[in-house]
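A short worksheet on the structure shown next.
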2 protein chains.
Amino acid sequence: MSLREKKKIETKNRIFEVSGRLVKEKGFENTTVDEITTEAGIAKGTFFNYFPTKEALLLYFVEQKDELIYNLIENETKRSIPTKEKIKNLLVRLAESYEKDKELTKLLIFEYRRYIGYSGLKPGEDKSRSHRLNKILHDLLEVGVEKREVKSHIEVKKAAEILTAVYFHSLIVWLKSESCFSFSMDISGKIDLLFEGIGD
Amino acid sequence: MSLREKKKIETKNRIFEVSGRLVKEKGFENTTVDEITTEAGIAKGTFFNYFPTKEALLLYFVEQKDELIYNLIENETKRSIPTKEKIKNLLVRLAESYEKDKELTKLLIFEYRRYIGYSGLKPGEDKSRSHRLNKILHDLLEVGVEKREVKSHIEVKKAAEILTAVYFHSLIVWLKSESCFSFSMDISGKIDLLFEGIGD
DNA sequence: CTTTAAATATGACTATGGTCATGTATGACT
DNA sequence: AGTCATACATGACCATAGTCATATTTAAAG
C-alpha cells in the first residue's frame, strides 16, 4: 500500500473517530464541520474530499452499524425452523439490537431519514435500509410458500413489503414514544397478527 | 376585524401564494427565503414572523392539503358497509387523491418527512400525519370488532398501527418507484392480504 | 536527483437560513 | 387630537454548509 493510500485511510478514520466522539457528546446538528476538521487537524475543504456532505458522514455511521447487525443476524435465517419463527426471530433480533441504545438509534435513524428522504430520490437505485430488509424477508417468504407454511396464492412481494412496513413503522413509533414499552415484544405480537390475519 | 388583523392575514396569504408559485416552478430547496420575501414585497425578517422556519412553510402546505383530503373522505367512513370495505375505501380514496399529482405529492411528503423526522421529536405531542390516519383506523377497527367483522381477540391498537404502517410505507415505495404502478390498486391488494393473513 | 503530472490539501469565499436590536404603524385611552 | 404601550416590520448581521482556484505532496519517469 502506497503512502498516499495509507494517509487517505488514516485521514478518513480520523474524521470518523473525531466526529463520532463529537456527535455523541453534542448531537449531530450541534457539531459543525469546522469543529470536526479543527479537531482532526485538517482543513475544512479536506472533509468534503472524503464526504460529499455533512450528512453523508451520518450515512456512513448508519451503514457501519447496519453491517454489524445484519452480519450477526444472517445466521439466524439459515436454521431450519418454521418460516414464521424465522421471520419473527430475525425481526426480534433486529429490534433487540436497537433496544440496546435507544438514544443512539434515535439519532441515527432520524437523521438518516432526513437525509435519505431527500437525496435518496435522485438515483434510480434505492440503497435504503428498508430495501435490504425487504429482500431478506422476500426470500424467506418464498421459501415459506414452497414449504406450504405461507399461503401459496399470496403475492410474496406484497407480503414482504407489509412486513417491512410494519417493522420500520413500529421502530419509528417506538423511538418517538416516551413510554419505554418493548419494541421487540411489540413487533413479535404484530407478526402473529400478520400471519393470522385481521378479519374474522 | 381590525386593520392589523387584516394586514396580517393578507401578508400571510401573500407569502403563501408567492412561495407556492415559486416552489412549483423551481422546487423547495431551490427557492430561497430572499426570493420569496422580495417577490412578496416584504423584508426578510417579516417572513420569520409568520413562519418560524422555512420548512414550517411546507408544513403549512401539507396541512392545508391534508385538511382538504380528509374532509372529502370523512363521509366515506359513515356509510354502513362492512368494516373491511370501509377501510379499503378510505385508503383507496386517499391513494387516489395522491395519485392525481404524483410529483407534488413527492415534493410535499419527502420534505415533510425531512422536517417532522427532526423537530417532531421534541414535543411530547406527535401531530404527524400518520397519527391522524391511525386514529381513524383505530376507531373503524373497534366498530369492526363489535360487529364481529374483525377478530375479537386481536389488539386493535396493533392492527391499526399495522394498517397505518402499510399505508405510509406503500406510499413511499410508490413515490420512489419510477414505474407507474397504481398505488390505489397496490394498497387495495394489501388490505385483502392483511385481513386474510399471511400464514397458511 | 530532477522533472513532471496527477492526486490531494487548503482556506478564503459564497450562499442562505435564521436572529435581533431598532424603527414604525396601530389602536386604546384620555 | 394627542399620548403611549404594544404588535409588527425591517435589514444589517451571524453561523455554517459547501465550493473552488491555488498550493502542496506524492509517485513515477527520465
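So you know, we letter chains A, B, ... as the sequences are listed, proteins then strands, and number each from 1.
Distance B:Phe48 CZ to D:dA12 P: 16 Å, rounded to the nearest Å. A straight line from CD of B:Glu10 to C1' of D:dC8 spans 15 Å, rounded to a whole angstrom. Counting to the nearest Å, the P atom of C:dT16 and the CG atom of B:Asn30 are 9 Å from each other. If you take NZ of A:Lys54 and C1' of D:dA15, they are 11 Å apart, rounded to a whole angstrom. Between B:Glu29 atom CD and D:dG18 atom C1' the separation is 13 Å, expressed in whole Å. Separating the CZ atom of A:Phe51 from the P atom of D:dA17 is a distance of 15 Å, rounded to the nearest angstrom. Here the C1' atom of nucleotide C:dA15 and the CD atom of B:Glu35 are 12 Å apart, to the nearest Å. As rounded to whole Å, 12 Å separates atom P of D:dA9 from atom NZ of B:Lys12.
Which of C:dA9, C:dG18, D:dA17 sits closest to the side chain of A:Val33 comes down to D:dA17. Checked against D:dG18, D:dT10, C:dA9, the side chain of A:Thr53 finds its nearest nucleotide in D:dG18.
One finds no side-chain N or O of A:Thr32 lying less than 4.0 angstrom from the OP1 or OP2 phosphate oxygen of D:dT16. Within the 4.0 Å cut-off from OP1 or OP2 of D:dA9, at least one side-chain nitrogen or oxygen of B:Tyr50 is found. Using a 4.0 Å cut-off, no side-chain N or O of B:Lys8 falls inside it from OP1 or OP2 of D:dA7. Neither OP1 nor OP2 of C:dG18 sits under 4.0 Å from any side-chain N or O of B:Lys44. Taking only side-chain nitrogens and oxygens, B:Asn49 comes nearer than 4.0 Å to OP1 or OP2 of D:dA9. Checking the phosphate oxygens (OP1, OP2) of C:dG27, a side-chain nitrogen or oxygen of B:Ser2 falls inside 4.0 Å.
Two residues, B:Glu5 and B:Thr31, neighbour DNA chain C, and the one matched to the more 5' nucleotide by heavy-atom proximity is B:Thr31. Mapped onto DNA chain C by nearest heavy atom, B:Phe47 and B:Lys7 fall at different nucleotides, with B:Phe47 at the one closer to the 5' end. Taking the nucleotide of DNA chain D with the nearest heavy atom to each of B:Ala43 and B:Arg4, the more 5' of the two is matched to B:Arg4.
Between A:Lys106 and A:Glu103 there is a salt bridge, since at least one side-chain N of the basic residue sits less than 4.0 Å from a carboxylate O of the acidic one. Using a 4.0 Å cut-off between charged side-chain N and carboxylate O, B:Glu39 and B:Arg21 make a salt bridge. Taking a cutoff of 4.0 Å between a charged side-chain nitrogen and a carboxylate oxygen, B:Lys84 and B:Asp192 qualify as a salt bridge.
With a 3.5 Å ceiling on both atom-pair distances, the Watson-Crick or G-U wobble partner of C:dG23 is D:dC8.
A ring-centre distance under 6.0 Å is found for A:Tyr167 and A:Phe183.
Checking side-chain atoms of B:Lys151 against main-chain N and O of A:Glu196 turns up a donor-acceptor pair under 3.5 Å.
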